[in-house]
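Worksheet: the structure to be examined is printed underneath.
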Amino acid sequence: MKSLKYTWLLCLAFLSAGFISCNDDDEYFDDKYQDVKIVIDQIYLEDYESSVPDRPVTFARLGQLIRVEGSGLYGMKKVYINGYETYFNRAYVTDKSMLIQINSNTPVVDAEPEDRDVILFVKDKTQTTYDFIIRAASPTVTSISNTLPKAKETVTVYGTGLDETTKVTLPGGIEVTDITNSEDGDWYSFTMPSGVTEGGYILSEGANGQAQSPSYFNYSSCMILDFDGNGTQGSWSWSETGSMTNTDDLADDPAGSGRGKCLPIVPKRLLTAGISSGKPRASECWTAGNDDELDDWTRMTKYIPATTPLTEVALQFDIYVANPWSGTGHIQICLINNFNYAGIGSDDDGANNVVAFYVPWITSEGIVPFSTEGWQTVTIPFSQFNKYATLIADKEATQPTFQTVIDDRNAATYRNFGMGFVNTDFSYLDVEVASTPFTGPEIYIDNWRVVPCKSVVISDYPEDEETAE
């Protein structure tokens, strides 16, 4: 019965193509209607896909269809939303209701102050205004610059529709109100306060409503190795000129953030001598492997369910590069110890191998020298590791989950997790790279960890959606 009752709303969703401007050549515009007082009682959101297809609302978003209820609406000449003249189809106007689709070109944050969040209804001899909030599309968070910050470090949250963010709530309910906003609504930033001990998501509130980040902010429950006692670093066959990294190669935090020890991905002893061009396995760092209970990632399912799709669980680490890096060198990440650190395009780069690569100085725009102002977080979903990307692309294959990653690691002869620097020739994002000797910059890595990374868009009406029959 419910679907039949609201079938007409499905048709109304396509009215935008038929919305027309006023035409004075019919009874609708007779003078007798032009001085009848306009009264607005309520505005409803018309959404046939919703559990509440005809919902009383105090705000609406660009592109949405609204129904205005009141009296004296017949004969309406003009409607201005946020100062923008909005067309409507007079065939759907009666004395008590009218339908209006909010044009996607309607200004929101850039509307004139006196027009913002106001609908103006106009006839020849009378008019009225109605306060009504207009929002752009639901805001989203796409990334966070630094997800494991120390107190006083700057955190920048990137996304869409983040205009005029006025309140940020961190895990544990800690509120931040000293916020810097971008003019285009594509980021906001704040200074990390002290006393944040819990991990989870950032919740922000702004002109377009609430936005929620993935639940990986301040998240360290699934730490692999932080070089300060959480996790165990492994090394073997170490030599002064060799690629293996041990704890003596670690460095104090060069950014002075209070992180403690971190990993120079190319240790000072090797960087001083320089890494020759064409060199695989220039440097490598591993966890302890089979003899260390922390290298069984089954322990992480307490925090991240084993059934989590690999698009929703990621590897994160922090990177600090004070001086520009470009032209040569890249980082290889190995889920198990079964590869030669030969880099992109080598046998290591096979479709069925549990490896990923990180080349921050090559983007879709080509070569862009890479540096950071402080520590910056890198997020690589496990769905981007070669083997799992191959399985996901094959729609007939059993789709991998976090349990797949755990099983692959535990079934390996050596279950060490590792990261290393490679200085070979390679091709990436259509950029051909001929390697050159690498003598810098210094590249620091910290806090290898597994995190949940599911993106979230907050429903405007979650309570109604959950309780509707």
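This structure is a prediction, so every number in the text was calculated from the model and none was measured.
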Would you tell me whether Asn82 and Asp115 have side-chain atoms, one donor and one acceptor, within less than 3.5 Å of each other?
-> no
Using a distance-only test with no angle check, is there a side-chain donor-acceptor pair under 3.5 angstrom linking Thr328 and Asn423?
-> yes
Could you walk me through whether Thr165 and Ser204 pass the side-chain hydrogen bond (donor to acceptor under 3.5 Å, both in side chains) check?
-> CA-CA 7 Å; Thr165 296; Ser204 62; 4.7 Å; no
Report yes if the side chains of Leu315 and Ile333 come closer than 4.5 Å at any heavy-atom pair, otherwise no.
-> yes
Short side-chain to backbone donor-acceptor contact, Ser326 and Pro369, under 3.5 Å = no
Any donor-acceptor pair under 3.5 Å linking the side chain of Thr147 with the backbone of Thr377?
-> no
Do Tyr358 and His330 make the cut of ring centroids closer than 6.0 angstrom?
-> no
Could you please spell out the steps behind the side chain to side chain contact (heavy atoms under 4.5 Å, CB included) verdict for Ile133 and Arg135?
-> CA-CA 7 Å; Ile133 298 171; Arg135 294 176 175 173; 4.0 Å; yes
Give the C-alpha distance, both sets of side-chain angles, the deciding distance and a yes or no for salt bridge (charged side-chain N to carboxylate O under 4.0 Å, His left out) between Asp408 and Lys387.
-> CA-CA 10 Å; Asp408 284 346; Lys387 176 180 178 179; 3.0 Å; yes
Summary of side-chain hydrogen bond (donor to acceptor under 3.5 Å, both in side chains) pairs that have at least one residue in residues 425-437, sequence neighbours excluded | Asp425-Ser435, Ser427-Glu432
Can you tell me if Ser213 uses its side chain to pair, donor with acceptor, with the backbone of Ile202 under 3.5 Å?
-> yes
Which pairs count as ring-ring contact (aromatic ring centres under 6.0 Å, His included) when at least one residue sits in residues 187-235, sequence neighbours excluded?
-> Phe227-Trp448
Distance-minimising heavy-atom pair for Asp295 and Asn410 | O-OD1, 4.2 Å
Using a 4.5 Å cut-off on heavy atoms from C-beta on, say whether the side chain of Val422 contacts that of Asp348.
-> no
Could you pull out all residues at least two apart from Tyr444 that satisfy ring-ring contact (aromatic ring centres under 6.0 Å, His included)?
-> none
Verify the neighbour count for atom CD of Glu183: are there more than 12 heavy atoms of other residues, nucleotides or ligands below 6.0 Å?
-> no
Is the NZ or CZ atom of Arg409 positioned over Phe417's six-membered ring, under 6.0 angstrom from the centre and within 45° of the axis?
-> no
Check: Thr413 main-chain N/O paired with Asn290 side-chain donor or acceptor under 3.5 Å | yes
Ignoring hydrogens and geometry, is there a side-chain-to-backbone donor-acceptor pair from Thr401 to Thr308 under 3.5 Å?
-> no
ring-ring contact (aromatic ring centres under 6.0 Å, His included) filter on Tyr303, not counting sequence neighbours, yields none
Side chains of Thr379 and Gln316: do they bring a donor and an acceptor to under 3.5 Å?
-> yes
Do Ser182 and Asp184 have side-chain atoms, one donor and one acceptor, less than 3.5 Å apart?
-> no
ring-ring contact (aromatic ring centres under 6.0 Å, His included): which pairs involve residues 366-407, sequence neighbours left out?
-> Tyr320-Trp375, Phe382-Phe385
Return the minimal non-hydrogen interatomic distance between Pro452 and Pro214, and the atom names on each side.
-> O-CB, 4.4 Å
Phe438 vs Phe421 aromatic rings, parallel, tilted or perpendicular, using cut-offs 30° and 60°?
-> tilted
Taking it one step at a time, do Gln399 and Ile392 satisfy side chain to side chain contact (heavy atoms under 4.5 Å, CB included)?
-> CA-CA 6 Å; Gln399 294 302 286; Ile392 291 170; 3.7 Å; yes
Could you tell me if the ring centre of Phe339 sits under 6.0 Å from that of Trp286?
-> no
Under 3.5 Å, is there a donor-acceptor pair between the side chain of Asn103 and the main chain of Gln101?
-> no
Does a side-chain N-to-carboxylate-O contact under 4.0 Å join Glu164 and Arg116?
-> yes
Hey, is the main chain of Gly161 close enough, under 3.5 Å, to the side chain of Asn208 for a donor-acceptor pair?
-> yes
Check for a donor-acceptor pair, side chain of Glu312 on one end and backbone N or O of Pro309 on the other, with a separation under 3.5 Å.
-> no
Ion pair check, Glu240 and Arg269, cut-off under 4.0 Å = no
Residue pairs passing the salt bridge (Lys or Arg N to Asp or Glu O under 4.0 Å) test with at least one member in residues 434-449, sequence neighbours excluded, are Lys268-Glu442, Asp318-Arg449
Considering all heavy atoms, the nearest Ile224-Arg299 contact | CA-NH2, 4.1 Å
Under a 4.5 Å cut-off applied to non-hydrogen side-chain atoms, are Thr191 and Asp178 in contact?
-> no
Can you tell me if Asn181 uses its side chain to pair, donor with acceptor, with the backbone of Asp163 under 3.5 Å?
-> no
Would you say the side-chain atoms of Asn218 and Glu198 include a donor-acceptor pair closer than 3.5 Å?
-> no
Heavy-atom closest pair (Ala351 atom, Thr390 atom, distance to 0.1 Å) is O-OG1, 2.7 Å
Is there a donor in the side chain of Asp249 and an acceptor in the side chain of Thr245, or the other way round, less than 3.5 Å apart?
-> no
Heavy-atom count around Asp347 CG within 6.0 Å, excluding the residue itself: above 12?
-> no
Non-hydrogen atoms of Ser243 and Leu270 that approach each other most closely = CA-CD1, 4.4 Å
Please answer whether the main-chain N or O of Ile336 pairs with a side-chain N or O of Asn416 as donor and acceptor at a distance below 3.5 Å.
-> no
Residues Asp252, Arg259: salt bridge by 4.0 Å N-O rule | no
Salt bridge flag under 4.0 Å for residues Asp47 and Arg55 = no
Heavy-atom distance under 4.5 Å between the side chains of Val321 and Ile319, does that happen here?
-> yes
Between Thr247 and Gln233, the two heavy atoms sitting closest are CG2-OE1, 3.7 Å
